[in-house]
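Below: one structure, written as structure tokens.
Values reported hereafter were calculated over all heavy atoms of this structure, with side chains retained and with hydrogens, waters and symmetry mates removed.
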Amino acid sequence: MQETISFTPQIGSSAIAQALWLIPAVPIVASGIVAVLRQPRRTMAATLAIGSLAVSLLLSLAAFGHVVAGWSHGIAVRETVNFTWIQFGTTNVDLGWVLDPLSAVMLVMVSLVGLLIFIYSIGYMEHDENFTRFFCFLSLFAGAMLGVVISNSLLLLFMNWELVGLTSYLLIGFWYQKPAAAAAAKKAFLTTRVGDVFFLLGMVWLFAQTGTLLFYNHGAGSIETLALGGLLATPSALGLTAAGAIGLLIFAGAAGKSGQLPLHVWLPDAMEGPTPVSALIHAATMVAAGVYLIARVYPLMQAGALAGGTTTALTVVTWVGASTAVFAALIAVAQNDIKRILAYSTISQLGYMMAGLGMGGVAVGMFHLITHAFFKALLFMGAGSVIHGNHEEQDVRRMGGLWRLMPLTFLTYAIGMLALCGFPLLFSGFWSKDGILEAAQHWSVAKGPFYMLVFGALLTAFYMTRQVSYVFFGNRRGHEATHESPAVMTLPLAVLAFFAIVLGAIGTPAWPWFRAFLEGHAAGFDMARFGEVGLLQLMGTSAAVVFLGLGLGWWIYGNRTSQAEEPDALERAVPPVWAALRDKLYVDDLYGATVIAFYGWWARVADWLDRRVWGGVVAGVAWTFSGFARLNRFLDTNVVDGSFDKGCEEMASGGGLLARVQSGRVQTYLRLLALAVVVLAAILIWSSRG
């Protein structure tokens, strides 16, 4: 491909774009079918889930190939299919889906990594009695994430976003009989809802300002030039434009999903779910959704920036990301649960992605997202293999010496670990991480994020060396009957290990294919790019930091004999620092003493008000109306009914008397008449005398 290719806009939509909705629909339909199966139908459930995601992968590859073909011919492919969902008055609410380089790359990653995790789950969940239900939730989860990826409407994205939140709740709390799992599911659901409230506010505000939630609509979309001009012209609070304020609200939702400070606390506890869930959440789906959201609305986040400059929204994204990267890496140093170490590592790497988006743009952040998806899925699934082979043991201090007993797991895990650390040249993590460091080095606002991210890289190499040393080297400290995992679990590890190595090739300075593909310009191979000012120096610094972290970790923990009950070497050296890191820098305790305590207090106040005030008011009203009812009954029974009954008795008595008088006998009438004459005569005589 020549650098002189001129890219032109795509017009119309292809058959693959028209059928793009099938990619999320197939696993969602499969989930619905599995939901009505009886629980023993294990084979059918796994076949439907894996088969549906395989179909989604084939369709995703077709979509990706279509975009690549257009790009290779100088066509900037962006195909949309929009339709009216609801109409009220003259206002339409439109939904739709989009096929462009960003969605095409994400579709392939999500469906491929998800498929490998699905296959791995067959072995990991083999003996679980709720096997069928597990694959139902997995399939729904994958379908929801694929729905997020294809959405050309912020509303449709939000619908799938919330479906991802629901399925994560179901999967994290899958072993609901464990109190810790049930609590972790609630914590994840409620914490991410905090961010989603701000996301919803931003979405409503965007619709109010632009009249649409479509991203692209032939120039009339909410993140296209016309709408952005109106948003920039509308002032908001604190000196922000409407574009900046809406961008920050949407970022709050992304921070919740992607575990950024201060909404990161749910993500380590999500380890209570089965390990395939941890791999799916932490690699390809849920946590990637927040980073993808910022990449999708990047024109909104960048609106108003001068050439080479930044905006308030992107500055906030950068600092939050860099802070999260260092914060989580520090905590990972002092964790002993094999999955929690990886969980804090995920939080840290998500911070790198956000910082990359803030300083370097979509391609920089997304390249690390793609590479991280493969090597972090590899690490979580490798951890699951270790747990499976060690009879569900998760404490790294109770392992040791596993490289001989689990050689395939060790080899693939070592590849994932080196990719995460950014081992120079050979692994994808080196190139994607260095792209972020390069962007940080040239960021015009401040140099602080660069030094923070370099320190985070040092910590990453250190804590991963500590973990590998505890798990695979040294003396055996755990169960003696350890065994290698079955092929259905190790083969997906091998595939992921392959990608953890080769994916770096598409993001080197000599051949920046990934960046060129996302940004819509030609990519050529040119080794001379390594001669750019400061690049080799940066690569050398990055390599030195990685080697320093690996060396320190091996020096302290490498191949030493110890007992499971012995304190950690750093714990002996700096007990207060170790305690703070072990206790997660007390953030959960801070939330417990403030937010949770406040809501606990308010719940008690509400309970007291309900029982003593509102309950008393209700009881008083009830007593009053009960008294009126009793008075009414008394009046009705003794006054109204009594008077009526007495009158009826008198009338009946009088009627009886008259009835006796009117007997029908003439003699009786004559006697009465005579008596009346006598009485009348007496009255007349008495009156005449007077």
Side-chain angles (χ1 to χ4, degrees), residues 180 184 259 264-275 277-279 281-283 287 324-352 372 375-388 390 392-400 402 406 409-410 412-422 429 456-474 477-478 546 549-550 552-554 556-558 562 564 567-571 577-585 587-588:
H264 68 285
V265 291
W266 69 269
L267 209 150
D269 289 1
M271 297 301 97
E272 295 296 338
T275 298
V277 174
S278 304
I281 288 177
H282 287 247
V287 298
T324 302
V326 175
F327 179 86
L330 283 169
I331 296 176
V333 168
Q335 301 303 304
N336 294 316
D337 185 300
I338 187 172
K339 289 169 63 178
R340 282 185 178 268
I341 295 171
L342 296 178
Y344 279 105
S345 169
T346 297
I347 298 172
S348 178
Q349 297 306 307
L350 289 167
Y352 274 89
H372 175 267
F375 61 68
K376 186 51 65 68
L378 170 60
L379 287 170
F380 269 109
M381 292 161 68
S385 179
V386 169
I387 295 168
H388 184 269
N390 281 268
E392 307 307 315
E393 179 60 66
Q394 294 186 203
D395 192 330
V396 296
R397 297 169 298 179
R398 300 183 181 278
M399 298 178 184
L402 293 183
M406 306 182 73
T409 298
F410 166 67
T412 55
Y413 200 91
I415 292 172
M417 170 259 191
L418 292 173
L420 172 61
C421 295
L458 172 67
L459 292 172
T460 301
F462 177 79
Y463 68 68
M464 286 307 298
T465 304
R466 171 181 178 268
Q467 186 197 56
V468 168
S469 299
Y470 263 127
V471 175
F472 293 103
F473 295 103
R477 299 179 299 276
V546 172
L550 294 172
L552 284 173
W554 185 256
I556 296 174
Y557 298 102
S562 62
D568 188 276
L570 288 181
E571 185 178 4
V577 175
W578 178 268
L581 298 180
R582 180 197 60 208
D583 294 334
K584 301 167 285 188
L585 292 174
V587 174
D588 287 81

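Heavy atoms only, all atoms of each residue included: I556 and A569 are closest at CG2-CB, 3.6 Å. Nearest heavy atom pair, residue S278 against residue G273, reads OG-O, 4.1 Å. For H264 against G259, the heavy-atom pair with the smallest separation is CB-O, 3.1 Å. Closest approach of L379 to Y413, counting heavy atoms only: O-CE1, 3.2 Å. Annotation for L420 and S345: closest pair CD2-OG, 3.2 Å, computed over non-hydrogen atoms. Of all non-hydrogen atoms in A377 and A279, the two that sit nearest each other are O-CB, 4.3 Å.
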**Asked** Are Q467 and M417 close enough, and set up right, to give a side-chain contact (heavy atoms from CB on, under 4.5 Å), and what steps lead you there?
**Response** CA-CA 10 Å; Q467 186 197 56; M417 170 259 191; over 6 Å; no

**Request:** Under the side-chain contact (heavy atoms from CB on, under 4.5 Å) rule, what do H282 and L267 come out as? Steps first, then yes or no, please.
**Result:** CA-CA 8 Å; H282 287 247; L267 209 150; 2.4 Å; yes

**Message:** For L350 and K376: C-alpha separation, side-chain torsions, deciding distance, then whether side-chain contact (heavy atoms from CB on, under 4.5 Å) applies.
**Reply:** CA-CA 11 Å; L350 289 167; K376 186 51 65 68; over 6 Å; no

Can you give each donor-acceptor pair under 3.5 Å made by side-chain atoms of residues 381-388, sequence neighbours left out, with the distance rounded to 0.1 Å?
unit_1 : atom_1 : unit_2 : atom_2 : d
S385   : OG     : T409   : OG1    : 2.8
S385   : OG     : S485   : OG     : 2.6

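Evaluation of the ring-ring contact (aromatic ring centres under 6.0 Å, His included) rule for Y352 yields no partner, not counting sequence neighbours. By the side-chain hydrogen bond (donor to acceptor under 3.5 Å, both in side chains) test, T275 pairs with Y124, K339, sequence neighbours left out. Residues passing the ring-ring contact (aromatic ring centres under 6.0 Å, His included) test with Y470, sequence neighbours excluded: Y557. Take Y463 and apply the ring-ring contact (aromatic ring centres under 6.0 Å, His included) test, not counting sequence neighbours, and it matches no residue. Scanning for ring-ring contact (aromatic ring centres under 6.0 Å, His included) contacts around W554 gives F473, with sequence neighbours left out. For Q349, the side-chain hydrogen bond (donor to acceptor under 3.5 Å, both in side chains) partners two or more places apart in sequence, or in a different chain, are H368. Shown here are the salt bridge (Lys or Arg N to Asp or Glu O under 4.0 Å) partners of D568, two or more places apart in sequence or in another chain: R466. Taking the side chain to side chain contact (heavy atoms under 4.5 Å, CB included) definition, one finds that A580 meets it with L585, Y586, sequence neighbours left out. Applying the side-chain hydrogen bond (donor to acceptor under 3.5 Å, both in side chains) test to D395 and every residue at least two apart in sequence or in another chain returns R397. Under the side chain to side chain contact (heavy atoms under 4.5 Å, CB included) criterion, L330 pairs with V326, F455, L459, L581, not counting sequence neighbours. Taking the side-chain hydrogen bond (donor to acceptor under 3.5 Å, both in side chains) definition, one finds that Q394 meets it with D337, sequence neighbours left out.
Judged purely by atom type and a 3.5 angstrom limit, S348 has no side-chain atom pairing as donor or acceptor with the backbone of Y344. Judged by distance alone, with hydrogens and angles left aside, the side-chain atoms of T460 form a donor-acceptor pair with the main-chain N or O of G456 at under 3.5 Å.
Atom CG of D583 and atom CH2 of W578 lie 11.0 Å apart (nearest 0.5 Å). Here CD of E571 is found 8.0 Å from CG of N336. Values are rounded to the nearest 0.5 Å.
Between M271 and L342 the shortest side-chain heavy-atom distance does not fall below 4.5 Å. For the pair I331 and I347, the minimum side-chain heavy-atom distance is 4.5 Å or more. Within the 4.5 Å cutoff, side-chain heavy atoms of T346 are placed close to those of H372.
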